[in-house]
K.L.:
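One structure, as structure tokens, below. Some questions next.
In this chain, numbering begins with 1 at the start of the sequence shown.
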Amino acid sequence: MAVPPHARGYESFGGKIGRTSADSSPEWIYPPTAPAGAPNIVVVLVDDMGYSDIGPFGSEIDTPTLDRLAANGVRLSNYHTTPLCSPSRAALLTGINSHRAGFGFVANADPGYPGLRLELADDVLTLPEILRDNGYATYAVGKWHLVRDATMNPSAARGSWPTQRGFDRYYGSLEGLNSFYYPNQLVSDSSVVDVEEYPEVYYLTDDLTDKAVSYIKDLRAHDAEKPFFLYFAHVAMHGPLQAKADDQAKYRGRYAEGWDELRKRRFASQIAQGLFPEGTRQKERNTEPGYEAAEWDSLTADEQRRYAKYMEVYAGMVDSIDQSLGRIVDLLEDLGELDNTIIVFTSDNGGTAEGGPEGTRTYFAEFAHIDDPEWIGDVPHDEDLIGTAKLGVHYPRGWGQASNTPFRFYKGQTFAGGVRVPLVVSWPKGLPRGEGDNGIRHEYAYVTDLAPTLLDLAGLSRPSVRQGLPAKDFDGVSAAELLRDAGAPTLHTEQYSEMTGHRGFYRDGWKLLSLYEAGDDLDAPNWQLFDVRADPTELHDLSAEFPLKAAELAEAWDQSAWANTVFPLLTRADLFRRRPEEARFSAPVRLLPGTPTLERYRSQRLIAFRDFTITADLGEGYVAGDEGVLVAHGDPLGGYLVYVENGELVLGVNSYGRYASVAVPLPVGTREVTVAATVEPRLRWDFVISLDGTPLAELTDQVQLVGMAPWTGISVGVDARGPVAWDLRERRGTFRYTGSLRSITYTPGAVRLPQRVIDAVEREAEYVAE
């Protein structure tokens with residue numbers, strides 16, 4: 001009997017339906033499956049690591065795993081990326097130019113223009129979405145940085161979180177950086193991991209590696225054949241620089257000769273390996289104001305000793321990354337799958353100058369520098385703490401220049417130092433090396449090429465629709481033939497770049513570049529022209545010699561910028577703007593004991609450049625013997641806390657690693673504790689402690705915590721995750737409050753920007769963000 005017309009639910013069924021199973025036949029619906037023999041894909045993306053920091057690209061740092069992969073794989077010597085983190089990640093995972101994907105800057109702004117949505121749009125397909133549709137298991141660990149900072153909190157929409165963008169599982173940090181000993185917030189799949197205290201032996205790179213290994217083992221325990229995609233996005237080498245003691249010790253004394261000598265040695269190794277032709281030259285050092293690196297021999301013995309320690313830490317971190325990759329490779333070998341796994345290793349941009357000329361005691365302090373002889377400053381500081389959990393240092397920019405050997409400039413600029421990075425590809429089964437092939441490819445390639453290349457190598461198709469919308473086409477092109485054949489030409493013949501006014505355009509071996517400096521006319525670039533086939537290190541400006549070529553490429557940049565939603569051009573000052581809805585983040589908030597640690601950005605909006613008041617409601621009142629932390633905000637990189645110990649109330653303030661405190665006796669029966677912070681000149685706060693409305697103590701002239709500090713958010717009744725006060729953590733642990741604590745209330749005041757910030761914004765923009 002046919003299904004009657006009024007029956008519902010059978011419309012798309014492909015079997016047979018009768019009144020009983022005797023006259024019916026079933027149909028099963030299966031998820032997509034990958035083609036037989038489809039390779040696993042592992043993409044390892046490192047953060048802020050320059051061209052020369054691994055053995056296959058000239059480094060002295062021990063990278064045996066990468067040496068092994070490169071020896072049997074392919075190295076792209078002329079691979080480019082964008083100048084900053086989020087744009088590169090968006091371009092890598094989508095195959096779309098960063099502005100067109102919505103990421104013309106890092107996801108720590110919100111100016112309100114199409115090229116700076118800083119969330120992936122609904123019509124942008126990601127590589128894991130495509131691979132999952134082709135039957136792959138998809139996993140991500142590590143740094144994401146593709147959600148706006150205002151949407152990292154658990155109440156926000158998760159549309160641009162990893163598991164909403166194609167990954168089956170995710171473990172890591174949504175942030176652009178993190179502490180390696182005390183991450184401020186970790187996310188598992190789509191939920192924040194509610195960590196109160198990290199293990200004593202915790203190290204973030206090891207934690208991420210453990211999770212990646214567990215994902216693969218779990219898959220193979222349940223399915224022996226399903227291919228997987230692992231996106232391992234390291235938080236390293238981004239500041240703060242922190243390395244395990246053993247990894248630091250391995251490099252003790254190895255950088256005493258300094259960055260000038262290191263650059264010479266690395267460049268000689270690069271020439272010997274065939275990464276550049278004989279006759280290529282490198283500039284002695286960056287000398288442009290604001291980018292310059294001191295001559296090593298001009299430094300004092302104390303400076304040389306301290307600066308060398310930074311590089312020992314950095315080398316230990318690179319070593320740790322190679323160890324991490326080694327664990328993945330060993331697992332694949334144990335599973336018998338190494339030969340049929342495509343492994344890609346690269347960096348998101350070049351080495352950085354963010355540590356300033358002298359290095360910084362904490363990564364965040366460099367963004368709060370003021371012209372003040374009493375600035376507590378970044379240096380000098382205890383050398384034995386460099387690289388440890390107690391400080392969040394970053395190296396002097398001379399080491400960033402060495403990282404980018406043999407190129408000029410750094411992360412953030414469109415010159416090669418900011419955008420030309422190493423790329424190693426290994427796939428023994430699918431990319432065997434022919435006789436006489438040294439595995440080095442000199443043709444141009446760009447970060448948007450990775451997604452189409454991987455799909456091409458794996459023989460997989462790309463959907464044309466995402467969530468009912470026509471999906472944006474790839475801007476990148478497949479470099480599969482280039483990987484297979486040393487003589488194959490590049491298919492990527494031109495490419496624009498832009499970052500906060502810095503510009504670049506590449507076409508057929510010519511490169512047009514411009515630096516933007518504060519105060520310049522943003523739309524009047526000072527173009528420089530280079531023939532990078534003959535001058536790969538961009539030393540000889542040919543714009544005066546070939547003005548027509550410069551004009552041709554300048555016009556091409558303009559057309560490409562319009563086509564990729566680069567306009568309007570924005571400076572860093574423009575990025576102060578935030579959407580009006582964020583005003584709710586600075587409204588008074590009442591936090592109850594047991595509230596999970598408040599997310600970092602949400603917490604900062606309550607205090608950044610503001611007066612603010614913290615009120616602790618002690619319920620029925622303080623009882624003798626009650627003790628513990630009432631409220632804590634921050635960690636070793638900067639913060640403040642209020643706690644009770646031995647009958648005293650203590651306010652402690654950690655100014656980027658330097659700690660000050662004040663204590664007052666706490667009378668039995670006290671019901672309300674108030675700490676009021678008042679903004680003062682020279683980027684300072686004055687604090688006043690009041691008990692039941694009576695002011696009793698002050699802690700004045702404390703450096704404001706601005707930028708991304710405090711890094712760890714607000715905790716109530718405990719000092720969770722990283723300790724604000726190191727001695728207190730060693731003495732009392734996270735020190736949960738034992739008495740009656742009904743709530744902590746934050747009452748923010750108005751924004752009171754320093755005049756130097758107001759001047760900068762008014763000079764380069766038409767507004768000051770509230």
K.L.:
Side-chain contact test, heavy atoms from C-beta onward, threshold under 4.5 Å: evaluate it for V43 versus L454 and give yes or no.
P.N.:
yes
K.L.:
Is the shortest distance from a Lys or Arg side-chain nitrogen in E538 or R408 to a carboxylate oxygen in the other one below 4.0 Å?
P.N.:
no
K.L.:
Going by distance alone, is a donor N or O of one side chain under 3.5 Å from an acceptor N or O of the other, for R266 and T405?
P.N.:
no
K.L.:
Output, in order, the C-alpha distance, side-chain angles, deciding distance and verdict of salt bridge (charged side-chain N to carboxylate O under 4.0 Å, His left out) for E175 and K143.
P.N.:
CA-CA 7 Å; E175 297 272 16; K143 169 177 169 175; over 6 Å; no
K.L.:
Donor-acceptor pair, S160 side chain versus V147 backbone, under 3.5 Å?
P.N.:
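Not at all, since once roles are kept as given, no pair shorter than 3.5 Å links the two residues.
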K.L.:
Are Y496 and Q559 close enough that some pair of their side-chain heavy atoms sits under 4.5 Å apart?
P.N.:
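Side-chain contact under 4.5 Å: no.
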K.L.:
Quick one about S478 and D456 (side-chain donor to acceptor, distance below 3.5 Å, no hydrogens or angles considered), yes or no?
P.N.:
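Yes.
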K.L.:
Considering the options Y506, Y79, W510, which one meets the ring pair (Phe, Tyr, Trp, His ring centres under 6.0 Å) requirement together with Y444?
P.N.:
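Per the ring pair (Phe, Tyr, Trp, His ring centres under 6.0 Å) rule, the option paired with Y444 is Y506, out of Y506, Y79, W510.
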K.L.:
I want to check something: taking the side chain as every heavy atom from C-beta on, are Q413 and M499 in contact at a cut-off of under 4.5 Å?
P.N.:
no
K.L.:
Taking R132 as the fixed residue, which of T126, T138, D168 is the one that meets the side-chain hydrogen bond (donor to acceptor under 3.5 Å, both in side chains) rule?
P.N.:
D168
K.L.:
Is any NZ, NE, NH1 or NH2 atom of the basic residue among R100 and E498 found under 4.0 Å from an Asp or Glu carboxylate oxygen of the other?
P.N.:
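Salt bridge flag = no for E498 with R100.
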K.L.:
Using only heavy-atom distances, determine whether the side chains of D535 and H540 contain a donor-acceptor pair under 3.5 Å.
P.N.:
no
K.L.:
Can you name the salt bridge (charged side-chain N to carboxylate O under 4.0 Å, His left out) partners of K283, sequence neighbours left out?
P.N.:
E288
K.L.:
Taking the ring of Y139 and the ring of Y231, is the distance between their centroids below 6.0 Å?
P.N.:
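No, they do not, as the ring centres are separated by 6.0 Å or more.
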K.L.:
Does a side-chain heavy-atom distance below 4.5 Å link P35 with L460?
P.N.:
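Contact flag for P35/L460 side chains = yes.
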K.L.:
Under a plain distance cut-off of 3.5 Å, with no hydrogens placed, do S269 and Q273 share a side-chain donor-acceptor pair?
P.N.:
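Note: Q273 and S269 side chains meet the donor-acceptor criterion.
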K.L.:
If you define the side chain from C-beta out and look only at heavy atoms, does anything of T81 sit under 4.5 Å from T346?
P.N.:
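Result no, sub-4.5 Å side-chain heavy-atom pair not found.
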K.L.:
Check V425, L69, T65 against I343 for a side-chain contact (heavy atoms from CB on, under 4.5 Å) and give me the one that passes.
P.N.:
L69
K.L.:
Does a side chain donor of either S514 or N526 reach within less than 3.5 Å of an acceptor in the other side chain?
P.N.:
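N526 and S514 do not have a side-chain donor-acceptor pair below 3.5 Å.
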K.L.:
Does K211 make a cation-pi contact with Y171 (under 6.0 Å, within 45 degrees of the axis)?
P.N.:
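Yes, cation above the ring, under 6.0 Å and within 45°.
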K.L.:
So that I can tick it off, tell me whether K549 and D508 are bridged by a salt bridge, with the cut-off set at under 4.0 angstrom between side-chain N and carboxylate O.
P.N.:
no
K.L.:
Under a plain distance cut-off of 3.5 Å, with no hydrogens placed, do H145 and S86 share a side-chain donor-acceptor pair?
P.N.:
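Checked: S86/H145 side chains pair up, N/O donor to acceptor below 3.5 Å.
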K.L.:
Any salt bridge between D339 and K429, counting N to O under 4.0 Å?
P.N.:
no
K.L.:
Between R148 and E119, does any NZ, NE, NH1 or NH2 come within less than 4.0 Å of an OD or OE carboxylate oxygen?
P.N.:
yes
K.L.:
Answer yes or no: is there a side-chain heavy-atom contact under 4.5 Å between H234 and S324?
P.N.:
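Result yes, sub-4.5 Å side-chain heavy-atom pair found.
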K.L.:
Donor-acceptor check, side chain of D520 to backbone of E517, threshold 3.5 angstrom: yes or no?
P.N.:
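Indeed, once roles are kept as given, a pair shorter than 3.5 Å links the two residues.
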K.L.:
Side chains of D123 and Q467: is there a donor and an acceptor less than 3.5 Å apart?
P.N.:
no
K.L.:
Does the ring centre of F229 sit less than 6.0 Å away from the ring centre of Y136?
P.N.:
no
K.L.:
Would one find more than 12 heavy atoms of other residues, nucleotides or ligands at under 6.0 Å from atom CZ of R281?
P.N.:
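No, because the 6.0 Å sphere around CZ of R281 holds 12 heavy atoms or fewer from other groups.
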K.L.:
Check the side chains of T448 and D475 for a donor-acceptor pair under 3.5 angstrom, ignoring hydrogens and angles.
P.N.:
no
K.L.:
Distance check, rounded to the nearest 0.5 Å: K511 atom NZ versus L542 atom CG?
P.N.:
13.5 Å
K.L.:
Just so I know, are the side chains of N349 and Y410 near enough to count as touching, which here means a heavy-atom distance under 4.5 Å?
P.N.:
no
K.L.:
Got a second to check how far L127's CG is from T94's OG1, nearest 0.5 Å?
P.N.:
9.5 Å
K.L.:
Are H80 and Y446 an aromatic pair, judged by ring center distance below 6.0 Å?
P.N.:
no
K.L.:
Ignoring hydrogens and angles, tell me if any N or O in the side chain of Q270 forms a donor-acceptor pair with the backbone of P56 under 3.5 Å.
P.N.:
no
K.L.:
Tell me if the aromatic rings of F167 and F232 count as close, with their centers under 6.0 Å from one another.
P.N.:
no
K.L.:
Please assess K411 against D348 for the test salt bridge (charged side-chain N to carboxylate O under 4.0 Å, His left out), listing each intermediate value before the final yes or no.
P.N.:
CA-CA 9 Å; K411 166 187 177 180; D348 63 352; over 6 Å; no
K.L.:
State plainly whether the residues R89 and D47 are in salt-bridge range, i.e. N to O under 4.0 Å.
P.N.:
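Between D47 and R89 there is a salt bridge, with a charged N closer than 4.0 Å to a carboxylate O.
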K.L.:
With heavy-atom distances below 4.5 Å as the criterion, would you say the side chains of P162 and L174 are in contact?
P.N.:
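In short, these two side chains touch, coming nearer than 4.5 Å.
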K.L.:
Looking at T341 and E337, would you say the former's side chain and the latter's main chain have a donor-acceptor pair under 3.5 Å?
P.N.:
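Answer holds: yes.
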